[in-house]
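Chain naming here is simple, since letters A, B, ... match the order of the sequence lines and numbering starts at 1 in each.
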Number of protein chains: 2
Amino acid sequence: METNISQSRQQQQCIDKLLNAHGVNLTRQRRVIADTLFARDQHVTADKLFEAVNNNGAKVSKATVYNTLGLFVRKGLVREIFIDATRTFYDSNTSRHHHFYNVDTGDLIDMKERLAPHFIDQDLPDGTAMDMVDLVIRVKNKAP
Amino acid sequence: METNISQSRQQQQCIDKLLNAHGVNLTRQRRVIADTLFARDQHVTADKLFEAVNNNGAKVSKATVYNTLGLFVRKGLVREIFIDATRTFYDSNTSRHHHFYNVDTGDLIDMKERLAPHFIDQDLPDGTAMDMVDLVIRVKNKAP
DNA sequence: CTGCTGTTTAGAATAGTTATAAAATTGATT
DNA sequence: AATCAATTTTATAACTATTCTAAACAGCAG
């Protein structure tokens, strides 16, 4: 999981705008984390992100990685994916889409959104509103 | 009117058949756990099940509850649901259906199956086969 | 009864995450 | 620049759900 050592000035401004637009105060650590996270669409665990961030000599504590991921989730910058009980994935792509999860390999792959919203809306429990659709298709390797 | 402290002979035979049919050897502990679990369709955590089982004076260790739930999952008797990172739910209803999860209350509610299988099949990653569809609709309470 | 296999158990260990409290940083105000 | 309050970061401790371990147990075949 490599990331580019230094961000271009353009990219940095873009990240700053993104954080500001979501009401996140700027700090050195949040910038580095956002840089790494939004360099591309990815599914990453807190631990992997911690490694990736610090592989650039950035020096951000693990607690901050957790705090920041929590903050980003609350602000709608990333999305949590619960695949199993042992770790939480964070998806840097918050557009409407779903996932294939290969139970044999652990691969997590994006899937185009195809659910018609009204297919679900009419069935919502009384007094509730849709928060988020969470669809994971678990797949396994075909026997060769 | 009365809640069943002890299973009827009929119900017990039914449980035994179920376990046998799924290749699970019978033991006192597995019977008690299955009795509790399959008394009705429910979504339960390992801890709650441990409590429920022992509230009948049954005396089953927590390790056995975990072991047995793991076994039942492998044998297809119950289904794991991953709602958040802090606990795993076990669904005693393995028929095709999905869930509404109320993020405000923690309620987990069944939802009729409505996904057309071929809507997903055609998109499966190369070399993989469907294992299971895992759809959770997260809902929140409407503001009053 | 003896040995074999599978099961249960208490308790220790693990791992991911959250809480705590002190230190550092930031921004605003003078 | 100096000060102050508010926010953020950090190391570390604490917590919790789950898994592991190794010993005890149960049941059956010979």
Side-chain angles (χ1 to χ4, degrees), chain A residues 1 15-16 19-20 22-37 43-54 56-75 77-91 103 106 108, chain B residues 15-16 19-20 22-37 43-54 56-75 77-91 106 108:
Chain A
M1 182 161 308
I15 290 285
D16 289 0
L19 296 182
N20 273 323
H22 285 80
V24 173
N25 294 343
L26 292 179
T27 69
R28 177 181 65 80
Q29 291 86 340
R30 287 173 184 177
R31 274 177 165 144
V32 179
I33 290 172
D35 281 352
T36 309
L37 205 44
H43 314 110
V44 73
T45 62
D47 202 64
K48 285 281 181 240
L49 182 58
F50 170 71
E51 280 175 28
V53 162
N54 284 281
N56 298 353
K59 212 183 95 52
V60 177
S61 76
K62 188 164 278 194
T64 298
V65 172
Y66 275 101
N67 287 342
T68 304
L69 280 172
L71 178 68
F72 284 5
V73 168
R74 260 178 286 124
K75 299 297 190 178
L77 279 160
V78 299
R79 176 175 150 194
E80 285 173 310
I81 311 173
F82 303 111
I83 290 290
D84 63 50
T86 66
R87 60 231 164 116
T88 301
F89 282 92
Y90 295 88
D91 191 342
V103 297
L108 192 53
Chain B
I15 291 285
D16 288 0
L19 296 183
N20 273 324
H22 284 80
V24 172
N25 294 342
L26 292 178
T27 67
R28 178 181 64 81
Q29 290 89 338
R30 289 173 183 176
R31 273 178 166 141
V32 179
I33 289 173
D35 281 352
T36 310
L37 203 46
H43 313 111
V44 74
T45 61
D47 201 65
K48 286 279 181 246
L49 182 58
F50 170 71
E51 281 175 28
V53 161
N54 284 281
N56 297 354
K59 212 183 94 49
V60 177
S61 76
K62 188 164 278 193
T64 297
V65 172
Y66 274 100
N67 287 342
T68 304
L69 279 172
L71 178 69
F72 283 6
V73 168
R74 260 177 288 125
K75 298 297 190 180
L77 279 160
V78 300
R79 174 174 151 193
E80 286 173 309
I81 311 173
F82 303 111
I83 289 292
D84 63 50
T86 66
R87 59 229 166 118
T88 301
F89 283 92
Y90 295 87
D91 191 343
L108 192 54

Any donor-acceptor N/O pair, B/Arg28 side chain to B/Val60 backbone, under 3.5 Å: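 Pair absent, no side-chain N/O of B/Arg28 close to backbone of B/Val60.
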
Nucleotide-resolved protein contact map, nucleotides 11-21 of chain D, B/S/- at heavy-atom distance under 4.0 Å: B-----SBB--

Partners passing salt bridge (Lys or Arg N to Asp or Glu O under 4.0 Å) against B/Arg31 (at least two apart in sequence or in another chain):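 Residues passing salt bridge (Lys or Arg N to Asp or Glu O under 4.0 Å) with B/Arg31: B/Asp16.
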
Under a 4.5 Å cut-off applied to non-hydrogen side-chain atoms, are [X] and [Y] in contact?
{"X": "A/Leu77", "Y": "A/Leu19", "result": "yes"}
{"X": "B/Ile83", "Y": "B/His43", "result": "no"}
{"X": "A/Thr68", "Y": "A/Gln29", "result": "no"}
{"X": "A/Asp47", "Y": "A/Lys62", "result": "yes"}

Net bend of the helix from C/dC1-D/dG30 to C/dT30-D/dA1, end axes of five pairs each, nearest 10 degrees: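 Roughly 10° between the end axes, to the nearest 10°.
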
Sole candidate of A/Leu49, A/Val44, A/Val73 that passes side-chain contact (heavy atoms from CB on, under 4.5 Å) when paired with A/Val78: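 Passing option: A/Val73.
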
Option among B/Val53, B/Thr27, B/Asn54 that satisfies the side-chain contact (heavy atoms from CB on, under 4.5 Å) test with B/Val32: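 Result for side-chain contact (heavy atoms from CB on, under 4.5 Å) with B/Val32: B/Val53.
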
Within the sub-3.5 Å range, which N or O atoms of nucleotides 24-30 of chain D have a protein N or O partner, and how far apart are they?
none

Partner set under side chain to side chain contact (heavy atoms under 4.5 Å, CB included) for A/Thr88, not counting sequence neighbours: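 A/Glu80, A/Phe82, A/Tyr90, B/Ala85.
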
Whole-Å gap separating [atom2] ([N]) and [atom1] ([X]):
{"X": "A/Arg74", "N": "C/dT18", "atom1": "CZ", "atom2": "C1'", "value": "12 Å"}
{"X": "A/Ile81", "N": "C/dG16", "atom1": "CD1", "atom2": "P", "value": "17 Å"}
{"X": "B/Leu19", "N": "C/dG6", "atom1": "CG", "atom2": "C1'", "value": "16 Å"}
{"X": "A/Phe50", "N": "C/dT18", "atom1": "CZ", "atom2": "C1'", "value": "16 Å"}

Please report the interatomic distance [atom1]([X]) to [atom2]([Y]), rounded to the nearest 0.5 Å.
{"X": "B/Leu71", "Y": "B/Thr64", "atom1": "CG", "atom2": "OG1", "result": "11.5 Å"}
{"X": "B/Asn20", "Y": "B/Ile15", "atom1": "CG", "atom2": "CD1", "result": "11.5 Å"}
{"X": "B/Phe72", "Y": "B/His22", "atom1": "CZ", "atom2": "NE2", "result": "10.0 Å"}

Side-chain H-bond candidate by donor/acceptor type, B/Asp84 with B/Thr86, under 3.5 Å: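 Looking only at side-chain atoms, B/Thr86 and B/Asp84 do form a donor-acceptor pair, the distance falling under 3.5 Å.
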
Residues from residues 24-33 of chain B lying under 4.0 Å of DNA chain C - heavy atoms: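 Contacting residues: B/Asn25, B/Thr27, B/Arg28, B/Gln29, B/Arg30.
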
